Amino acid sequence: VQLQASGGGLVQAGGSLRLSCAASSSGRTFSDYTLAWFRQALGKEREFVAVIRSTGGRTYYADSVKGRFTISRDNAKNSVYLQMSGLKPEDTGVYYCAAGGGLILSSLRYAEQYTYWGQGTQVTVSS
């Protein structure tokens, strides 16, 4: 699976952005993948942002973005999205989409559990 993230940019605090990640799928059906967004600020480790499961589409979020970000997927378009609102300067970073198969609930927030990664898209929030 090849993932291509897009939609990043520069936005003022309080603004909104919608990230998209399109997948070219081979082998496993796209709908079988758990899909997630991670982010990495300059000088910091990559951190979990949000995930949407393959079965049932249940979503989970990092506490820092809960209530402000929404992850969704469109299996017909082989795509996953991250709608971000109420952006804060601390949301600045490179955002990566990721896909993995067969993940259990306790592993969803760990980057090493995901097999496929997009190239990242920069989000910068100015104060």
Side-chain angles (χ1 to χ4, degrees):
V1 175
Q2 292 183 328
L3 302 174
Q4 180 74 34
S6 62
L10 174 63
V11 63
Q12 289 188 333
S16 299
L17 279 175
R18 186 187 192 223
L19 304 184
S20 299
C21 179
S24 58
S25 183
S26 62
R28 191 189 294 252
T29 302
F30 180 79
S31 59
D32 290 340
Y33 287 102
T34 291
L35 304 168
W37 288 94
F38 289 78
R39 66 187 181 189
Q40 188 166 18
L42 193 63
K44 295 187 177 181
E45 293 187 353
R46 192 170 298 189
E47 65 173 359
F48 167 78
V49 175
V51 62
I52 184 165
R53 301 201 72 176
S54 56
T55 304
R58 189 158 184 175
T59 58
Y60 301 90
Y61 297 91
D63 288 343
S64 59
V65 307
K66 201 172 295 182
R68 299 188 297 121
F69 290 11
T70 301
I71 187 172
S72 61
R73 65 190 297 164
D74 185 338
N75 291 330
K77 295 183 178 179
N78 284 3
S79 293
V80 59
Y81 308 98
L82 186 69
Q83 178 67 48
M84 306 184 293
S85 59
L87 283 162
K88 305 175 181 179
E90 51 263 44
D91 294 318
T92 294
V94 179
Y95 283 68
Y96 298 91
C97 55
L103 274 67
I104 60 175
L105 182 60
S106 61
S107 68
L108 296 179
R109 298 171 183 259
Y110 298 97
E112 60 268 25
Q113 299 297 319
Y114 291 83
T115 305
Y116 305 103
W117 289 84
Q119 85 289 0
T121 185
Q122 176 70 44
V123 172
T124 303
V125 184
S126 62
S127 56

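Being a predicted model, the structure only gives us computed values, none of them experimental.
For CD of E112, the number of neighbouring non-hydrogen atoms (other residues, nucleotides, ligands) closer than 6.0 Å is greater than 12.
Following chains of ILVMFWY side-chain contacts shorter than 4.5 Å, one can reach L19 starting from V1, so the two form part of one hydrophobic cluster. Both Y116 and I71 are part of a single hydrophobic cluster, where members link through side-chain heavy atoms under 4.5 Å apart. Linking ILVMFWY side-chain heavy atoms closer than 4.5 Å, directly or via other members, places I52 and W37 in a single hydrophobic cluster. Cluster membership check: L87 shares its hydrophobic cluster with V65, using side-chain heavy-atom separations under 4.5 Å among Ile, Leu, Val, Met, Phe, Trp and Tyr.
For the pair Q40 and K44, the tightest heavy-atom approach, listed with the atom from each and the gap, is NE2-O, 3.0 Å. When all heavy atoms of A50 and L82 are compared, the closest pair comes out as CB-CD1, 4.2 Å. Of all non-hydrogen atoms in S107 and I104, the two that sit nearest each other are OG-O, 2.8 Å. A pairwise comparison of heavy atoms in G101 and Y33 identifies N-CD2, 4.1 Å as the closest pair.
Between the side chain of T92 and the backbone N or O of V125, at least one donor-acceptor pair lies under 3.5 Å.
Within the 4.5 Å cutoff, the side chain of R68 has heavy atoms near those of the D91 side chain.
To the nearest 0.5 angstrom, Q12 atom CD is 9.5 Å from S127 atom OG. Interatomic distance, S6 OG to Q119 CD, rounded to the nearest 0.5 Å: 8.0 Å. Between atom CZ of residue R18 and atom OG1 of residue T70 there is a gap of 11.0 Å, rounded to the nearest 0.5 Å. Between L35 atom CG and T59 atom OG1 the span is 12.5 Å, to the nearest 0.5 Å. Note that CG of D74 and OG of S31 are 11.5 Å apart. Values are rounded to the nearest 0.5 Å. Interatomic distance, OG of S85 versus CG of L17, reported as 10.5 Å (0.5 Å rounding).
By the side-chain hydrogen bond (donor to acceptor under 3.5 Å, both in side chains) test, Y95 is found to be paired with R39, residues two or more places apart in sequence or in another chain being considered.
Geometrically, R73 engages F30 in a cation-pi contact, judged by NZ or CZ lying under 6.0 Å from the ring centre and within 45° of the ring axis.
Other residues sharing the hydrophobic cluster of L108, ordered by chain and number and joined by side-chain separations under 4.5 Å: F38, F48, V51, Y60, V94, Y96, L103, L105, Y114, W117.
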